[in-house]
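Notes for the one structure printed next.
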Amino acid sequence: MATIVNPSSRGYTQKRHTTDIWILHIQLQQGEPEEHMGLFLPMLKAMSFKPKDVRLKQLESKTSPIEKYIYLSNLRNSNVHLFYRLVLENFTTLTPLIYTPVVGEACLKWSDIYQQPEGLYLSYKDRGSLRDILRNWPQPNVAMTVVTDGSRILGLGDLGVNGMGIPVGKLALYTGCAGIRPEATLPLTLDLGTNNETLLNDPLYMGSRMKRVSEDEERMFLDELMVALNETWPGIVVQFEDFKSPFPALERYQYKYSCFNDDVQGTGAVILAGIITALKMSGIPVKDQRAVFMGAGSAGTGVAQQIVQYFMKEGLTEDEARRCFWFVDTKGLITNDRGDKLAQHKLYFSRDDNSGQQFKSLTEVVDYVKPTILMGLSTIRGIFDEPILKKMTSLNRHPIIFPLSNPSSKAECTFEEAMKFTDGRAIFASGSPFPTHVHNGKVMYPSQGNNMYVFPGIGLGSILCKTKHISQEMIYTSAVALSKTVIPSEFANGMLYPSLDRIRPVSVIVAREVIRQAQREGLDREPSLRDMNDETLDQWINEQMYNPHKEGRFNELERESTITDDAEAPFYEKERLSAKL
Ligand SMILES: NC(=O)C1=CN([C@@H]2O[C@H](COP(=O)(O)OP(=O)(O)OC[C@H]3O[C@@H](n4cnc5c(N)ncnc54)[C@H](OP(=O)(O)O)[C@@H]3O)[C@@H](O)[C@H]2O)C=CC1
Ligand SMILES: CC(=O)C(=O)O
Ligand SMILES: [Mg+2]
C-alpha cells in the first residue's frame, strides 16, 4: 500500500527537536550565561532579526531556484504558520518558487530532491480499500483536495507520482491566496503507473513500476475514489489537475459532486477574464475578433469554450461565436476534411469553411486567418517566433498575444520577445511569470494568465456555501468577477490581472460571486449567507480565512510557530509570553 503522509505541513501537531541557532538566541535573550553560547556568541549578539527576516535572508542565500524550493518545502513542513506568513507578505516573489515555474523543475527532479512525504499517494493496488486509507489521514476536517494522476504535468508530460509537486503547490496557493486552512487541504496523487520510460528505469522513482492502467480501469478507480472522498469528508471540493486529455471524468462527476477541472474550467475562467480586459484595451469589438489557438488540448478548448460563452452574452449567436476560433494541433489547422478522426473535444471548433485547403504550420494559419488574438497552449517553446509576432503586429495595432504554456521553458514566447517583435504593442499574458521589460525607455509590465487567480476563490466560495456541485455558470461568474478587480493604474500599465499582492481581497470577491451564483441556481446549502448584503458577506468570508499572523502555537516544542503570531513583539519576548499560557 503506497500510503504516505506527512501531517506536519498540514498543521498537525508533531514533536520536533529544535536545536537550531534560534534556541541559542532565545536563551541568550533570556539571560543564559554568555559562556554557554560558545563560538556563536558574536553572531547571536549581532542578530536583531525576527524569524521571518532570517528565513528570507536564508532563502536569498540559496543560489538556485530548486534549492529555494527545497528550503521553502522544509519550512512549510517544520513551521507551517511561519511559511504562510512569509508567503502572504511576499506573494509576488515567493509564488514562482512554490508554484510555476520552479514547481516544474521540482516535479522533474522529485525523486532526487525528495525530503519528506507531503500528501497522500494512492496506488492502483489500493483499489477496494480507498475509503479505509482515506480514513487514516490524520486530519478530520478536509475541505479541499487537488488530485492528479501525473499524466500531464504542466507542459512536461507524464511524470507519474513525481507530479505530487502540483497538488502540493496548488494547495499552498489555496491557503495563501484564499485562506483555506492548511490542515483542511489534501494533496492527492494517484499512482496508476506511468508511460515515461525514463522514470520506469530510474532506480529512485518512487511510483509503481508499471505502464499506465487503461482508461476504463482509471475510470473505475476514480469512481471508487469520488465515493470514498465524499463518504470520508462529505461535501469535499475536488479539483482535478493535470490529467492528460481527453478527461471524461468531468462530465461523469460534474453534477454529482462538488468538483471542477482546473485545466479546463479554471484556465478558461482566468483567460476569459484577461480577454475581457484585453478587448477593452484593444478597442476591437467582439464580432471582429479572430482567435488562433496553438494547441487544442484540454486547456485550449476549455479556454475557447469560456470565451464563446462571453461572445454570446455580448450578442453573437453560438455559431457566430464558435466561428471566431481556429485551432492548430500536431497535424495543422483542425478541419472537418483533414482526413483524420478528430478527438471528441476538438469537434466543436473544427472548421468546415476551408474550401478543401489544409494548413500545416502556424505561419500558414496566421497568414490565412489574419488573427487579432494568438493563444498558446501547446507546450512548444518559441513557436511564437519573430516572423509570427511581426506578422501579428502588421495586422493589428495591439495584437493580443497569450503564450500560456507552463513552465517558462515551454512558453510560446517570452515577454521580452513579445515586446521586441511587436514594438511594445502587444497586449500580453503568459502562464508563468516573466520580468518587466524596458522598451524605448518605458517599463512594460507582463500579465500572468494563470488559473491561480481563480481556483482559490472558486474553491473557497464552493466550500463556504456548501454547494451541491460547481456549475458552469459559477465558473463563468468567477471570470467576470476577476476581470472587475483590475484597478485603473494597473489597466493604464497594460496589466490584465490585478497585482498578486492583492490576491487575498481578489479571492474574496471571486468567492463572493461564486456563492451568489450558487444561490441564484439554488445549489447552496448554507442558507445563513443568503440574507447578507455583499459587504457583510465579504467581511464574513474574510473572517473565515486562515490568517497565519493570528495562529497560536502547536505545542511547546514548536517554538517558531509560537513566535510568529505577533508581528511586533521581539520573538524572544513572545516566546516568554507564550510559555506562560
Ligand atoms: N496558463 C495556465 O493557467 C495554464 C496553462 N496550461 C498549459 O497549457 C499547456 C497545454 O495543456 P493541455 O491543453 O492540458 O495539454 P494537452 O496535452 O491536452 O494539449 C496540448 C495540445 O498541444 C498540441 N501540441 C503539442 N505539441 C505540438 C506540436 N509539436 N505541434 C503542434 N501542436 C502540438 C497537442 O496536439 P495534439 O492534440 O495533436 O496532440 C494538443 O492539442 C501546458 O503547457 C500547460 O502547462 C494548462 C492549464 C492552465
Ligand atoms: C497552470 C496549470 O494548471 C498548468 O499549467 O497545468
Ligand atoms: Mg494544471
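Whatever order the structure lists them in is the order used to number ligands and atoms, beginning at 1. Everything quoted here is computed from the prediction, not taken from an experiment. Atom set for the values below is all heavy atoms of this structure, side chains included, hydrogens, waters and symmetry mates excluded.
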Worksheet item: With only distance considered, is N450 within less than 3.5 Å of ligand 2 through an N or O on each side?
Response: no
Practice prompt. For S378, counting its heavy atoms only, list the atoms of ligand 1 lying under 4.0 Å from any of them.
Written response: 22 (O), 24 (N), 25 (C), 26 (N)
Worksheet item: Looking at ligand 1, does I380 have a heavy atom less than 4.0 Å from it?
Response: yes
Practice prompt. May I ask whether M452 has any heavy atom positioned less than 4.0 angstrom from an atom of ligand 2?
Written response: no
Response to the item:
Counting from 1 in the order shown, the ligand 1 atoms closer than 4.0 Å to a non-hydrogen atom of S245 are 18 (O)
Worksheet item: What atoms in ligand 1 come closer than 4.0 Å to a heavy atom of K346?
Response: 36 (P), 37 (O), 38 (O)
Item to complete: Among the N/O/S atoms of E241, select the one at the shortest distance from the Mg ion (ligand 3) and name it.
Response: OE2
Practice prompt. Note the single closest protein heavy atom to atom 5 (O) of ligand 2, along with its residue, its atom name and the distance in Å.
Written response: N406 ND2, 2.8 Å
Worksheet entry | Proximity flag K331 to ligand 1, non-hydrogen atoms under 4.0 Å | no
Item to complete: Compute the shortest N/O to N/O distance between G431 and ligand 1 and return yes if it is under 3.5 Å, no if not.
Response: no
Worksheet entry | ligand 2 contact on T267 by region, counting heavy-atom pairs under 4.0 Å | neither
Practice prompt. Measure from NZ or CZ of K109 to the centre of the six-membered ring of Y69, then state whether that distance is under 6.0 Å and the direction lies within 45° of the axis.
Written response: no
Fill in: Near-ring test Y310/Y476, centroid separation under 6.0 angstrom
no
Worksheet, complete the sentence: The single option from D263, D158, T379 that satisfies side chain to side chain donor-acceptor pair (under 3.5 Å) with R152 is D263
Item to complete: Using distance alone, determine whether A296 and ligand 1 share an N or O pair under 3.5 Å.
Response: yes
Item to complete: Report yes or no: does M452 have a heavy atom closer than 4.0 Å to ligand 1?
Response: no
